[in-house]
*Asks:* 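Have a look at this one.
One-based numbering along the sequence shown.
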Amino acid sequence: MFETLRRMILPIIVIVLVFFVAMIVLDWGLSYTGGNRSMGSGGESYAAEINGEKVPLEYYNRIYDNLYKAESQKSAEELTDDAVVQLRQQAWSELLQDRLLLQEAAKHDIVVTDKDIFNYLASQPPSWLQSVPQFQTDGQFDYQKYMQAMADPKTAPFWNQLEPVVQTDLLKGKMQQQIVAAASVSEQDIRQAVLDQKEMIKVAVVNIPVSSFMSIVPTPADSAISRYYDQHKDRYGEDEKAALEIAVLSKDPSELDMESSRSMARTIYDSIVAGTDFATMAGRYSEDPGSKDKGGDLGWFESGTMTRSFDSISFHAKEGDLVPPFRTEFGWHILKHHGYRTEERPAAGTTAKEKVKIAHVSHILIRTVQSQETKDQIHQKLSAFSDQAREKGFTEAARELGIMTQTTPPFLKGNPIQTLGRSDAAHAFAFSHKVGDISGVLETPNMFFVARVSERIPAGTIPLDKVKARVINHMKQELARRMAGDTAAVISQEIKNGGEPSAVASRHN
C-alpha cells in the first residue's frame, strides 16, 4: 500500500521542491527590476538577475510574446488588462523555472549530444515543428515529408537554427528527470498526505464577472478619451519599427531541374523494365529515407493516407503493375503494385465495422531540388537587379527585369516579417540602414531577396487616432471593473448580514 502511495505523492513532492527552490532564489538571489529595466555596462537590458545570472529582457519578452499571441488567437476580442497581467506572471514563472533548471543542469554537468538531438527530433517532433506548413499535407502533419526534410543535406541550415532550442529543451528535460529520481518520501510524509487528502471543505462562491458589465458601460466622450490618453501615454508606446520593399525569387526548382530528375527516374524505370530488381534499385537510388532500406516498400494503406496524386495512382493501378514515373510535390515516383485486400475496420464515430479496401505498393522517389546552377542564375539575376536598383530606382529596375516587388507592413525587431518570416539578415539590414538604402542579395531557407528600407518608425507613443479603440476599451474595462467591485461589496455585506449566498446572488442577477 505504501509503495502505491509513494508513486502518487511523488509528483506533489517534486512540485513542492521546485517551488521551495524558487522561493529561496526569489528571497536570496533574485533582483527583478519590474517596470524599470536593469542596464548592463554595455547598455544591455535585463529582465532579472537569478543566482548571479543576468537574464536579458529579450528572453522574457520572447516568452511573453509567444504566450500573448497564443492567447490572442483564441478570440477576436482584445485581451483584458487582467488577462495581460496573468500572462506577464505566467511568462515570469516560465522564465524563472527555465533558468533554474538550466543552472542546475550546468552544476551537474548534464550534456546533450548530437545523437540526443537527432533522436528527439526524429521520434518526438515538437508540436510547434509539426505545424510548419512544409511538413504538412492537407493541413495534417506528414511524417514522411518531415523525415525527408531531415535527410536532405540542403535543409541543414534550418536544422542548425533549431539545434540551440532543442538542446535547451533536452537539458531541462534531463534535469527534471534527475530531480524526480532524487526525490524521496518518508513514511510520515505519506501519512500526512493521506490525512490531507481526507480533509474536505465545502465553499460557496458568488462570481461577479467584469465582462457582464461591459455591455452596459457607455462609450466615453471624445474629451474624456483625450484626457485618459494624455494621463496614460506610457501604456501606448511601442519600440522602433521598420518596413521593407522586397524583390523575392523563390528557391523552387526550375523546369530544367524538373526535367533532370524526370530523366533520372525514367532511366531507373527503363532499367527495371529490362530486368533489374526493383528493390535493389530502390535501395540504391530512392530518396525516401522511410522506405529505401526496405526496398521501397510502403506496406499496406487505405485510400486517403498518401498525398492525393500518389493515392489516386495507388488505387487505380492493377496488381503487378509497374507504373512509369509520375510527379507529386515530393518529386518523381516509380511505383510497383503488389495487390489489394479488404479489411474490416471501425467506422468513424461508431462501433460498427465497415469493409475498407487497402493497397500494398513500393516506390522509388527521385526528389526534384533546385540545382546549384539554378541557384547561381537566381543569385546573378538579383545581384544585377540590386545594382540597377541603386542606379534607376527599385521599382523601375524591377519592372525592367520582370521581378515582382512588395512592401511589408512595419515590423518590430525580432518579429516575423510578412513573406520573409523570421529572417536575421532582413532584420539586421532594416534596423542598421537608413530609408532608401538597398541591400545586396540576401536569403532565407526558401527564397533569395533584395530589400530596400522603405520606412523607419522611431520608438515612441502611438498617436491617439491609431489607438483610439484601445483607449476606449481600456476606459470601459476600468469602469466595468469598478461596477463589478461595487456590486461585489454589496453582495458581500448582504451575506455577512445573514443572507444565503445563492439567494443574494439571484437578487443581483
*Asks:* List in chain and number order the residues that pass side-chain contact (heavy atoms from CB on, under 4.5 Å) with Lys381, two or more places apart in sequence or in another chain; answer none if no residue qualifies.
*Replies:* Leu249, Ile403
*Asks:* State whether the number of non-hydrogen atoms from other residues, nucleotides or ligands found under 6.0 Å of Arg507 atom CZ is greater than 12.
*Replies:* yes
*Asks:* Enumerate the side chain to side chain donor-acceptor pair (under 3.5 Å) contacts for residues 399-409, please, sequence neighbours excluded, ordered by first and then second residue.
*Replies:* Lys392-Glu400, Glu396-Arg399, Gln406-Thr419
*Asks:* Less than 4.0 Å between a side-chain N and a carboxylate O, is that true for Glu240 and Lys413?
*Replies:* no
*Asks:* Nearest 0.5 angstrom please: Lys145 NZ to Thr137 OG1, how far?
*Replies:* 3.0 Å
*Asks:* Do Pro458 and Arg456 make a side-chain contact, defined as non-hydrogen atoms from C-beta onward lying under 4.5 Å apart?
*Replies:* no
*Asks:* Distance from Phe448 atom CZ to Ile378 atom CD1, nearest 0.5 Å?
*Replies:* 6.5 Å
*Asks:* Is there a side-chain contact between Leu95 and Tyr59 (heavy atoms, below 4.5 Å)?
*Replies:* yes
*Asks:* Between Gln86 and Asp82, do the side chains contain an N or O donor and an N or O acceptor separated by less than 3.5 Å?
*Replies:* no
*Asks:* For Lys241 and Pro410, which heavy atoms make the closest approach, and how far apart are they?
*Replies:* CD-CB, 4.0 Å
*Asks:* Taking all non-hydrogen atoms of both residues into account, name the closest pair between Ala451 and Phe429 and its distance.
*Replies:* O-CE2, 3.6 Å
*Asks:* Find the distance between CD (Gln370) and CD (Gln377) and round it off to the nearest 0.5 Å.
*Replies:* 9.5 Å
*Asks:* First locate atom CZ of Arg482, then atom CG of Leu479, and finally report the distance between them rounded to the nearest 0.5 Å.
*Replies:* 5.0 Å
*Asks:* Can you give me the closest heavy-atom contact between Ala243 and Phe411, atom names plus distance?
*Replies:* CA-CE2, 4.0 Å
*Asks:* Quick check: closest heavy atoms across Ala425 and Leu442, and the distance to 0.1 Å?
*Replies:* O-CD1, 4.2 Å
*Asks:* Check whether any side-chain heavy atom of Leu129 lies under 4.5 Å from a side-chain heavy atom of Leu121, and answer yes or no.
*Replies:* yes
*Asks:* Taking C-beta and beyond as the side chain, do Gln167 and Ile117 meet within less than 4.5 Å on heavy atoms?
*Replies:* yes
*Asks:* Within the 4.5 Å heavy-atom criterion, are Met150 and Met147 side-chain neighbours or not?
*Replies:* yes
*Asks:* Identify every side-chain donor-acceptor pair in residues 207-225 under 3.5 Å, counting partners at least two apart or on other chains, and give the distances.
*Replies:*
from: Ser212; atom 1: OG; to: Pro209; atom 2: O; distance (Å): 2.7
from: Asp222; atom 1: OD1; to: Lys468; atom 2: NZ; distance (Å): 3.2

*Asks:* Can you check whether His508 reaches Val206 side chain to side chain, under 4.5 Å on heavy atoms?
*Replies:* no
*Asks:* So, applying side-chain contact (heavy atoms from CB on, under 4.5 Å) with Leu100, which one of Leu102, Leu96, Asp98 is it?
*Replies:* Leu96
*Asks:* Under 3.5 Å, is there a donor on one side chain and an acceptor on the other for Ser254 and Thr374?
*Replies:* yes
*Asks:* Looking only at non-hydrogen atoms, find the nearest pair between Arg390 and Ser386 and report the distance.
*Replies:* NH1-OG, 2.9 Å
*Asks:* Between Gln144 and Met306, is any pair of side-chain heavy atoms under 4.5 Å apart?
*Replies:* yes
*Asks:* Are His232 and Tyr228 close enough that their ring centres sit under 6.0 Å apart?
*Replies:* yes
*Asks:* Calculate, to the nearest 0.5 Å, the distance between atoms CG and CZ belonging to Asn51 and Arg99 respectively.
*Replies:* 11.5 Å
*Asks:* Would you indicate whether Glu329, at its atom CD, is surrounded by more than 12 heavy atoms from other residues, nucleotides or ligands within a distance under 6.0 Å?
*Replies:* yes
*Asks:* From Leu79 CG over to Gln477 CD, what is the distance, rounded to the nearest 0.5 angstrom?
*Replies:* 9.0 Å
*Asks:* With Lys174 as reference, evaluate Asp116, Asp169, Asp109 under the salt bridge (charged side-chain N to carboxylate O under 4.0 Å, His left out) test and give the passing residue.
*Replies:* Asp116
*Asks:* Where does the angle between the aromatic ring planes of Tyr146 and Tyr143 fall among parallel (under 30°), tilted (30 to 60°) and perpendicular (over 60°)?
*Replies:* tilted
*Asks:* Using a strict 4.0 Å threshold on nitrogen-to-oxygen distance, state whether Glu478 and Arg481 make a salt bridge.
*Replies:* no
*Asks:* Which heavy-atom pair separates Lys233 from Thr461 by the least distance, and what is that distance?
*Replies:* O-CG2, 4.0 Å
*Asks:* Would you say that Tyr236 contacts His474 through its side chain, given a criterion of any heavy-atom pair below 4.5 Å between the two side chains?
*Replies:* yes
*Asks:* Got a salt bridge between Glu238 and Arg470, using NZ or NE/NH1/NH2 to carboxylate O under 4.0 Å?
*Replies:* no
*Asks:* Verify whether one side chain among Gln192 and Asp196 offers a donor that lies under 3.5 Å from an acceptor in the other.
*Replies:* yes
